[in-house]
Amino acid sequence: MKKQILLPKYTALLEQMGENIKLARKRRKLTAIQVAERAGIARSTLYLVEKGESSVAMGAYFNVLRVLGLENDFLKLAADDELGRKLQDLDLL
């Protein structure tokens, strides 16, 4: 599998997302082992999710969010495509 290469500012975004997931788990007083088991992933994969690692499959991120009751947050990805709508509007002229 090829490792994803990201610019530092995008790596920081993923790291913040991982930290948000970790904080959500802790607020629910769930251990890493509990979340990993319920998500059907290895504990080491959960560690990578909470670090915001780009090599982790999107499905693993989704399953962790599902366990935390945050699965609808996945729908927020690319939901407000402002640039795309502007480009589409330009095409209408």
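FYI, side chains are in, hydrogens and waters are out, and symmetry mates aren't considered; it's all heavy atoms of this structure. Count residues from 1 along the sequence. Quantities reported herein were computed from a predicted structural model and do not represent experimental measurements.
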**Fill in**
Here the gap from I21 atom CD1 to Q16 atom CD, rounded to the nearest 0.5 Å, amounts to 10.5 Å
**Prompt:** Atom CG of L48 and atom OG of S54: how far apart are they, to the nearest 0.5 Å?
**Reply:**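 So the CG of L48 and the OG of S54 are separated by 10.0 Å.
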**Message:** Check this for me: does any side-chain nitrogen of one of E50 and R25 sit under 4.0 Å from a carboxylate oxygen of the other?
**Reply:**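 Yes, this pair counts.
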**Request:** Using a strict 4.0 Å threshold on nitrogen-to-oxygen distance, state whether K76 and D73 make a salt bridge.
**Result:** yes
Using the rule that two of Ile, Leu, Val, Met, Phe, Trp, Tyr join whenever any of their side-chain heavy atoms come within less than 4.5 Å, decide whether [X] and [Y] are in one cluster.
{"X": "L23", "Y": "V56", "result": "no"}
{"X": "L77", "Y": "V49", "result": "yes"}
{"X": "L14", "Y": "M58", "result": "yes"}
{"X": "Y47", "Y": "I33", "result": "no"}
{"X": "L7", "Y": "I5", "result": "no"}

**Asked** For Y61 and M17, what are the C-alpha separation, side-chain angles and deciding distance, and is it a side-chain contact (heavy atoms from CB on, under 4.5 Å)?
**Response** CA-CA 10 Å; Y61 277 96; M17 182 177 70; 3.5 Å; yes
**Asked** Which heavy-atom pair separates A39 from V67 by the least distance, and what is that distance?
**Response** N-CG2, 3.5 Å
**Message:** Under the criterion side-chain contact (heavy atoms from CB on, under 4.5 Å), I'd like the reasoning laid out for L68 against L30: C-alpha separation, chi angles, the key distance, then a yes or no.
**Reply:** CA-CA 9 Å; L68 298 174; L30 294 170; 4.0 Å; yes
**Expected output: side-chain Q34 to main-chain T31 donor-acceptor under 3.5 Å** =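 Flag set: sc Q34 to bb T31 pair under 3.5 Å.
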**Message:** Could you walk me through whether L46 and R43 satisfy the side-chain contact (heavy atoms from CB on, under 4.5 Å) test, starting with their C-alpha distance in whole Å, then the side-chain angles of each, then the deciding distance to 0.1 Å, before giving a yes or no?
**Reply:** CA-CA 5 Å; L46 178 61; R43 168 64 187 93; 4.3 Å; yes
**Message:** Looking at Y10, I want to see if its OH is surrounded by more than 12 non-hydrogen atoms of other residues, nucleotides or ligands under 6.0 Å.
**Reply:** no
